[in-house]
Amino acid sequence: MDKFLIKGGKALHGTVAISGAKNSALPAMAAALLTSEKVMVRNVPRVRDLVTMSKLLAFMDAKVSVTSIPASDYAIEAPSLNHAEAPYELVKTMRASILTLGPLMARLGVARVSLPGGCAIGARPVDLHLKALEQMGAMVTTSHGYIEARAPKGRLKGAHIVFEKITVTGTENILMAAALADGETVLENAAREPEVTDLIAMLRKMGAQICGDGSSTLRIRGVSELHGTEHTIIPDRIEAGTFLVAGAITGGELTIRNCAPEHLGAVITKLQQAGARIDALDATTLRVRPADKLSAADVTTEEYPGFATDMQAQYMALATQAEGTSGITETIFENRFMHASEMVRMGAHISVDGRKAVVRGPTQLSGTTVQASDLRASAGLVLAGLVASGETLIDRVYHIDRGYEGIVEKLRGVGADITRVHGTGL
Ligand code: EPU
């Protein structure tokens, strides 16, 4: 397994370009299953989850080809789908494989998708996806670790669905399922994340009839077929937020290009509250400059437009460098503080009680060997390593490779001393 070796203490300076959003590219690729025509998805980040999604679509007999070098544009063509199945071998490496359930049900009226298990950050059930499909007429059973769903006469019907809890991929799955269902679907308490809005924009180009984007009530009038399209994925707001913290935490000056500042409102406000100086240079460029002093500020994760849970670990790294006591409350996932104990091993003063962490700073972190437990925890540890004294060795960085394109190269490009140590397979 690969590791990252970081020699901390360098202020980062320069310009970094943000890639396409992983969590937008995943549903966009899955949406290509909704039509027999060619779909072009551009600005796909070069990260492992997207490779897994390509393999999954190919397993179902879709033709997936990369049309740009380096690979970030994909052409997907699924004239016929012979395996309406997401096998365990792929689902176990990527939970977002569940995003194929909605499109398969919409297109074929049948699907077999391995149940994603729990993961490092929580149990993460998919019960709300399944209940909603049942409301749309699907018969859903789970046995032998697989979800098996079938729509009578091969077609789902519109329904009035109220999600008990806001779910991002649940909203995306039902949007895709409803796009080809008979009649109208009303989806209440829907997720409002920019990735959901991006999917709606793409589906609309394919001929879907959807209104309400950006609000928590979506109305989808099913159509009989969808057609091919071209779609460019929005910038990754979590990658941009991670680099904002990287600039703020190292006392450097970073220019962050190709980002969407309007998707980063809560993160920018919180970092500014902590003392970071952030300004928008133009509609797609942010600059972060050294804070006179970083000060503690409490944060609570929330669904969009609140502070993203996917930025919580990175914020914790920043809180270790801020003066005072920062309370960090995680409301989305029940077990998303695994990075805290690794940061404590680096000298941070963090106590965790259930869903609340308390960080006392500032602390001079000291480098040691730490383990990454999930994608965003890894990012938090990289940030901690950038300010730690001496060397930090981060193990299990396959987590970070799932979702951050070229993070080592991008950080090196702005002056970080970080190298990938190739593993021996042990
Ligand atoms: N939930 C249920 N039942 C369901 C679905 C969700 O109880 O059927 C619960 C979850 O257990 C969680 C909450 O609802 O407590 C919210 O989960 P959600 O379904 O919104 O999460 P997700 O769709 O599985 C996406 C992102 C995550 C991100 C979350 C929250 C993708 C592919 N993944 O996951 O991204 O943390 O929304 O914003 O879009 C990441 O990129 O590192 C990542 C984990």
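Numbers for residues simply follow the sequence, beginning at 1. As the structure lists them, so they are numbered: ligands from 1, and atoms in each ligand from 1. Just so it is clear, the model here is predicted, and its values are computed rather than measured.
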Discussion item. More than 12 heavy atoms of other residues, nucleotides or ligands under 6.0 Å from OH of Tyr88: yes or no?
Written reply: no
Practice prompt. Flag Glu334 as yes when one of its N or O atoms lies below 3.5 Å from any N or O atom of ligand 1, and as no otherwise.
Written response: no
Worksheet item: Is there at least one pair of N or O atoms, one from Lys22 and one from ligand 1, spaced under 3.5 Å apart?
Response: yes
Worksheet item: Which heavy atom of the protein is the closest neighbour of atom 3 (N) of ligand 1, given with residue, atom name and distance?
Response: Asp127 OD1, 2.7 Å
Discussion item. Within the 4.0 Å heavy-atom shell around Arg124, which atoms of ligand 1 are there?
Written reply: 11 (O), 22 (P), 24 (O), 34 (O), 44 (C)
Worksheet item: Any idea which of Ile238, Asp49, Leu128, Asp236 brings a heavy atom closest to atom 8 (O) of ligand 1?
Response: Leu128
Worksheet, complete the sentence: Nearest heavy atom to atom 39 (O) of ligand 1, choosing from Val126, Asp374, Asn23, belongs to Asn23
Discussion item. Would Leu26 count as being in polar contact with ligand 1, using the rule that some N or O on each side must be under 3.5 angstrom apart?
Written reply: no
Practice prompt. Please determine, by modelled atom types, if Thr331 and Glu302 share a side-chain donor-acceptor pair under 3.5 angstrom.
Written response: no
Fill in: Best match, Tyr304, Phe333, Tyr404: closest heavy atom to atom 10 (C) of ligand 1
Phe333
Worksheet item: Under 4.0 Å from ligand 1, counting heavy atoms only, is it the side chain of Ile332, its backbone, both or neither?
Response: both
Practice prompt. Answer side chain, backbone, both or neither: which part of Val168 comes under 4.0 Å from ligand 1, heavy atoms only.
Written response: both
Discussion item. Can you tell me if Arg355 has over 12 outside heavy atoms packed within less than 6.0 Å of its CZ?
Written reply: yes
Item to complete: Run the salt-bridge test on Arg420 and Asp401 with the 4.0 Å N-O cut-off and return the result as yes or no.
Response: yes
Discussion item. Less than 4.0 Å is my threshold; does some heavy atom of Ile98 fall inside it relative to ligand 1?
Written reply: no
Fill in: Nearest candidate to atom 44 (C) of ligand 1, where distance is taken over non-hydrogen atoms, out of Arg95, Arg376, Arg336
Arg336
Worksheet item: Is the shortest N/O to N/O distance between Glu193 and ligand 1 below 3.5 Å?
Response: no
Worksheet item: Would you say Glu172 and ligand 1 have an N/O pair spaced under 3.5 Å apart?
Response: no
Worksheet entry | Shortest protein heavy-atom distance from atom 23 (O) of ligand 1, along with the residue and atom involved | Thr169 OG1, 2.6 Å
Discussion item. I'd like to know whether Ser378 forms a side chain to side chain contact (heavy atoms under 4.5 Å, CB included) with Arg402, so could you lay out the CA-CA distance, the side-chain angles of the two residues, the decisive distance to 0.1 Å, and finally the verdict.
Written reply: CA-CA 11 Å; Ser378 326; Arg402 284 189 35 221; over 6 Å; no
Worksheet, complete the sentence: Only one of Met206, Met29, Lys205 passes side-chain contact (heavy atoms from CB on, under 4.5 Å) with Val39, and that residue is Met206
Worksheet item: Backbone, side chain, both or neither: what part of Lys165 comes under 4.0 angstrom of ligand 1, heavy atoms only?
Response: side chain
Practice prompt. For the residue pair Glu188 and His160, confirm or rule out a side-chain donor-acceptor distance under 3.5 Å.
Written response: yes
Worksheet item: What is the nearest protein non-hydrogen atom to atom 30 (C) of ligand 1, stated with its residue, atom name and distance?
Response: Thr309 CG2, 3.8 Å
Worksheet item: Are Glu303 and Arg192 close enough for a salt bridge, meaning some N to O gap below 4.0 Å?
Response: no
Item to complete: Report the C-alpha separation of Glu172 and Val196 in whole Å, then their side-chain angles, then the decisive distance to 0.1 Å, and conclude whether the side chain to side chain contact (heavy atoms under 4.5 Å, CB included) test is met.
Response: CA-CA 6 Å; Glu172 292 163 347; Val196 172; 3.8 Å; yes
Worksheet item: With a cut-off of 4.0 Å, which atoms of ligand 1 are near a heavy atom of His129?
Response: 8 (O)
Discussion item. To check your reading of the model: name the closest protein heavy atom to atom 19 (O) of ligand 1, its residue, and the distance in Å.
Written reply: Thr167 OG1, 2.7 Å
Worksheet item: What are the two closest heavy atoms between Gln135 and Lys157, and how far apart are they?
Response: O-NZ, 4.1 Å
Worksheet item: Which residue from Pro27, Gly122, Pro125 reaches closest to atom 11 (O) of ligand 1 through any of its heavy atoms?
Response: Pro125
Worksheet item: What do we get for Leu375 next to ligand 1 when only non-hydrogen atoms under 4.0 Å count, side chain, backbone, both or neither?
Response: side chain
Worksheet item: Short N/O distance, under 3.5 Å, between Ile121 and ligand 1?
Response: no
Worksheet item: Hey, are Arg345 and Glu342 close enough for a salt bridge, meaning a charged N less than 4.0 Å from a carboxylate O?
Response: yes
Discussion item. I'd like to know whether CZ of Arg221 has more than 12 heavy-atom contacts from other residues, nucleotides or ligands below 6.0 angstrom.
Written reply: no
Worksheet item: Can we say Glu148 and Arg112 salt-bridge, meaning some charged N sits less than 4.0 Å from an Asp/Glu carboxylate O?
Response: yes
Worksheet item: Atoms of ligand 1 less than 4.0 Å from Asp310 heavy atoms?
Response: 27 (C), 28 (C), 35 (O), 36 (O), 40 (C), 41 (O), 42 (O), 43 (C), 44 (C)
Worksheet entry | Over 12 foreign heavy atoms within 6.0 Å of CZ, Arg150 | no
Discussion item. Side chain or backbone, does Gly170 bring an N or O within less than 3.5 Å of an N or O on ligand 1?
Written reply: no
